[in-house]
Structures are given as structure tokens and as C-alpha cells.
Enquirer: 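Sharing a structure, written as C-alpha cells. Questions coming.
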Protein chains: 2
Amino acid sequence: MDDLKVQALANFLKAIGEFNRLSLVYKLCQCKTPQNVMCLCECCDVDASVVSRHLKILAQEGIVKFDKKGRERAYALDRKNVATKLRDFANQIETDI
Amino acid sequence: MDDLKVQALANFLKAIGEFNRLSLVYKLCQCKTPQNVMCLCECCDVDASVVSRHLKILAQEGIVKFDKKGRERAYALDRKNVATKLRDFANQIETDI
DNA sequence: TATTTATTTGCATTTATGTGCAACAATGAA
DNA sequence: TTCATTGTTGCACATAAATGCAAATAAATA
């Protein structure tokens, strides 16, 4: 396992491994439809700008994706990507040598 | 999902989501037998005391376990626990509403 | 006992990260 | 165009986290 891949996985896990970001993930997990930032603000007790920044980090790591809809952004959890990465890692953990 | 569980999962993910700690996890992943701190030092370019602290954090989160063997400690990856937690989370991500 | 080896802990320092507030940009509505 | 709404970015600050070095602890060995 080369350093770049280790770093990439670490970044992914670190992105979800923060309380407010994980709260956002769970919030989106319970939503059938994409949500805008204002709505997502309800789940963590911080400024909207903070939520915006957290969503940016989650988006960079492929944990959420979004569509621009007018002046709003509709965020959704990238369930497939997140689940796949977690399971791949779990398999490695149990499979290696 | 209550705050305590979210915090607990965040702590777990944060523990693995750091480059040197993830390197330690991968190192242990390739070992059939438990390893002591000196041996584990080889995989990350930091002081032994730093490795010791990282292992402590990993142990607190149930990612590694260890046995005292004289003056050494033999660390091993808790494959089952790590894999299970990752898969449970993956299932939640894909299952929830 | 004195010494070497393995590991942890205390302390200081640096770096990274989360946060709020204010200002800005972009879009929609009056 | 003017105003309101939605969201992001710049800046400053506080806190958390990673790190190295030295000292302390614990156990094996000479």
C-alpha cells in the first residue's frame, strides 16, 4: 500500500470522522431527496458558514454530491461511494496475509 | 442516532483517519503475529514516543489490542472489530430511509 | 546491583482544524 | 433596479492534535 493511497484513505476517513460532519452525513442519510444548506444547518448547532465548509470537505472526499438549483445547492449523500470505500477497507483489514 | 453514538463513531473514524496511524494499521494488517513498538516504528518516520501515543489512541478505540510480554508489548490489529464497525456503518449508509 | 532495553509520560512547540462574524457573490422576486 | 435569500469566502481566534526530546518506569540481563 503506497503512501498516496494511505493518505487518500486517511483523508476520506478524517472527513467523516468529525462530529458535525458525521451528523450531516446521518442527516442526509435520512433524506430521500437532496437538501439545501439551510435545511442541513438544523442538524448541527453552528453557523451556516461552518456547515458550508463542512459540506465542501465532504464533497471533496466524494461523500456528498450536489446540484446547483438556482441560488440553492441540493446536497445528497453519495451512498454507493461511501459504502463501497468502507467495505473495501473492511475487506482489506480481514483479508491481508 | 443519538449524539453519543455519533461521537463514538466519529472518534473511531478519526483514530484511523490519520496518516501515521493508518500506516500502523496497514503494517499490522500484514503481520501474522503481534508486533512490538520498536518493530512498528519502522513504518512511520517519527519518534518512538509518537508511535507509542498513536498505538494508545488506536487501542482506546478498539482498533488494536496488546499483550504485555515482559518489558515489551505485543500489538495486534483487532481485525474483527474494525471490519465489523466499518461494515455496520456501510450498511447504515445504504439502508436508512 | 548496575546496566541495557522497551515503552510511556511530561513538557514545549508547532501545525492543523473548527468556529463566528462580516463581507461578498449569485440568483430570484418585487 | 432594488431588495431579499442562499451560499461561500476572508479574516481572526481558540482549541485540538501531532511531534520531538528528555526524563521516568519497568523488566531482562550481566
Side-chain angles (χ1 to χ4, degrees), chain A residues 3-4 6-28 31 33-61 63-77, chain B residues 3-4 6-28 31 33-61 63-77:
Chain A
D3 284 4
L4 284 180
V6 174
Q7 187 66 66
L9 180 55
N11 289 342
F12 172 79
L13 295 169
K14 185 177 290 184
I16 329 182
E18 198 273 335
F19 183 78
N20 284 326
R21 283 195 293 268
L22 185 54
S23 300
L24 286 167
V25 167
Y26 273 119
K27 172 85 172 179
L28 283 170
C31 297
T33 59
Q35 305 291 313
N36 66 21
V37 177
M38 285 309 182
C39 167
L40 293 169
C41 278
E42 292 167 19
C43 80
C44 26
D45 190 25
V46 291
D47 195 81
S49 67
V50 174
V51 171
S52 173
R53 266 184 269 253
H54 281 319
L55 287 169
K56 188 178 185 179
I57 291 171
L58 292 173
Q60 282 169 346
E61 293 302 326
I63 295 158
V64 302
K65 37 189 181 180
F66 61 87
D67 290 314
K68 296 200 69 170
K69 287 189 177 180
R71 64 188 161 194
E72 299 184 19
R73 285 190 177 193
Y75 284 90
L77 190 57
Chain B
D3 283 4
L4 284 180
V6 173
Q7 186 65 66
L9 180 56
N11 290 342
F12 172 79
L13 295 169
K14 185 175 290 184
I16 329 181
E18 197 274 335
F19 182 79
N20 284 326
R21 283 195 293 269
L22 186 54
S23 300
L24 286 166
V25 166
Y26 272 118
K27 172 84 171 177
L28 283 170
C31 298
T33 58
Q35 306 291 312
N36 65 21
V37 177
M38 285 310 184
C39 168
L40 293 170
C41 278
E42 292 166 19
C43 80
C44 26
D45 190 25
V46 291
D47 195 80
S49 66
V50 173
V51 172
S52 173
R53 266 183 269 251
H54 281 318
L55 288 168
K56 188 178 185 180
I57 291 170
L58 291 173
Q60 282 169 345
E61 293 302 326
I63 295 159
V64 303
K65 37 188 181 181
F66 61 87
D67 290 316
K68 296 200 68 168
K69 286 190 176 178
R71 63 188 160 196
E72 299 184 18
R73 284 189 177 194
Y75 284 89
L77 190 57

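Letters A, B, ... mirror the listed sequences (proteins, then strands); counts begin at 1. Because only heavy atoms are used, hydrogens play no part in the values below, and waters and symmetry mates are left out as well, while side chains stay in.
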Enquirer: Does a side-chain N or O from B:Lys56 land closer than 4.0 Å to OP1 or OP2 of C:dT9, or not?
Expert: yes
Enquirer: Under 4.0 Å between any heavy atoms, over every strand shown, what does A:Lys14 touch: base, sugar-phosphate, or nothing? Just pick one.
Expert: sugar-phosphate
Enquirer: For residues A:Cys44 and A:Val51, report the shortest heavy-atom separation together with the two atoms involved.
Expert: SG-CG2, 4.1 Å
Enquirer: Where the side chain of A:Val46 is defined as all heavy atoms beyond and including C-beta, which of D:dT19, C:dG20, D:dG7 is the nearest nucleotide?
Expert: C:dG20
Enquirer: Could you tell me whether the phosphate oxygens of C:dT19, OP1 or OP2, come under 4.0 Å of any side-chain nitrogen or oxygen in A:Asn20?
Expert: yes
Enquirer: In terms of the nearest nucleotide of DNA chain C, which residue is placed more toward the 5' end: B:Arg73 or A:Asp47?
Expert: B:Arg73
Enquirer: Identify the heavy atoms of B:Ala15 and B:Arg21 that sit nearest to each other, and give their distance.
Expert: O-NE, 2.6 Å
Enquirer: Could you check how far CZ of A:Arg21 sits from C1' of C:dA16, rounded to whole Å?
Expert: 12 Å
Enquirer: What nucleic acid atoms does B:Phe19 come within less than 4.0 Å of, heavy atoms only: base, sugar-phosphate, or nothing?
Expert: nothing
Enquirer: For the base of D:dG7, is there a side-chain donor-acceptor partner from A:Arg53 under 3.5 Å away?
Expert: no
Enquirer: Is there a donor N/O on one and an acceptor N/O on the other, under 3.5 Å, for the side chain of A:Arg71 and the base of C:dT27?
Expert: yes
Enquirer: Should B:Thr33 and B:Gln35 count as side-chain neighbours, where that means a heavy-atom distance under 4.5 Å?
Expert: yes
Enquirer: Could you state the CD-P distance from A:Glu18 to D:dA16, rounded to the nearest angstrom?
Expert: 12 Å
Enquirer: Can a salt bridge be assigned to the pair B:Lys14 and B:Glu61 using a cut-off of 4.0 Å between side-chain N and carboxylate O?
Expert: no
Enquirer: Hey, does B:Tyr75 reach any base, or is it just sugar-phosphate, or nothing, if we go heavy atoms under 4.0 Å?
Expert: sugar-phosphate
Enquirer: With a 4.0 Å limit, can you tell me whether A:His54 has a side-chain N or O closer than that to the phosphate oxygens OP1/OP2 of C:dT19?
Expert: yes
Enquirer: Rounded to whole Å, how long is the line connecting atom CD of A:Gln7 with atom C1' of D:dA18?
Expert: 13 Å
Enquirer: Just so I know, are the side chains of A:Leu9 and B:Tyr26 near enough to count as touching, which here means a heavy-atom distance under 4.5 Å?
Expert: yes
Enquirer: To the nearest angstrom, how far is A:Lys68 atom NZ from C:dT27 atom C1'?
Expert: 9 Å
Enquirer: Within this structure, what is the CD1-to-P distance between B:Ile57 and D:dT19, rounded to whole angstrom?
Expert: 10 Å
Enquirer: Which of these nucleotides, D:dG7, C:dG18, C:dA6, is closest to any side-chain atom of B:Glu72?
Expert: C:dA6
Enquirer: Measure CE/B:Met38 against C1'/D:dA26 and give the value in whole Å, please.
Expert: 14 Å
Enquirer: In this structure, how many angstroms lie between the P atom of D:dT8 and the CD atom of A:Gln60, rounded?
Expert: 12 Å
Enquirer: Tell me: CD1 of B:Ile16 to P of D:dA17, nearest whole Å?
Expert: 16 Å
Enquirer: Measuring from the side chain of A:Val50 (C-beta onward, heavy atoms only), which nucleotide among C:dT19, D:dT8, C:dT7 has the closest atom?
Expert: C:dT19
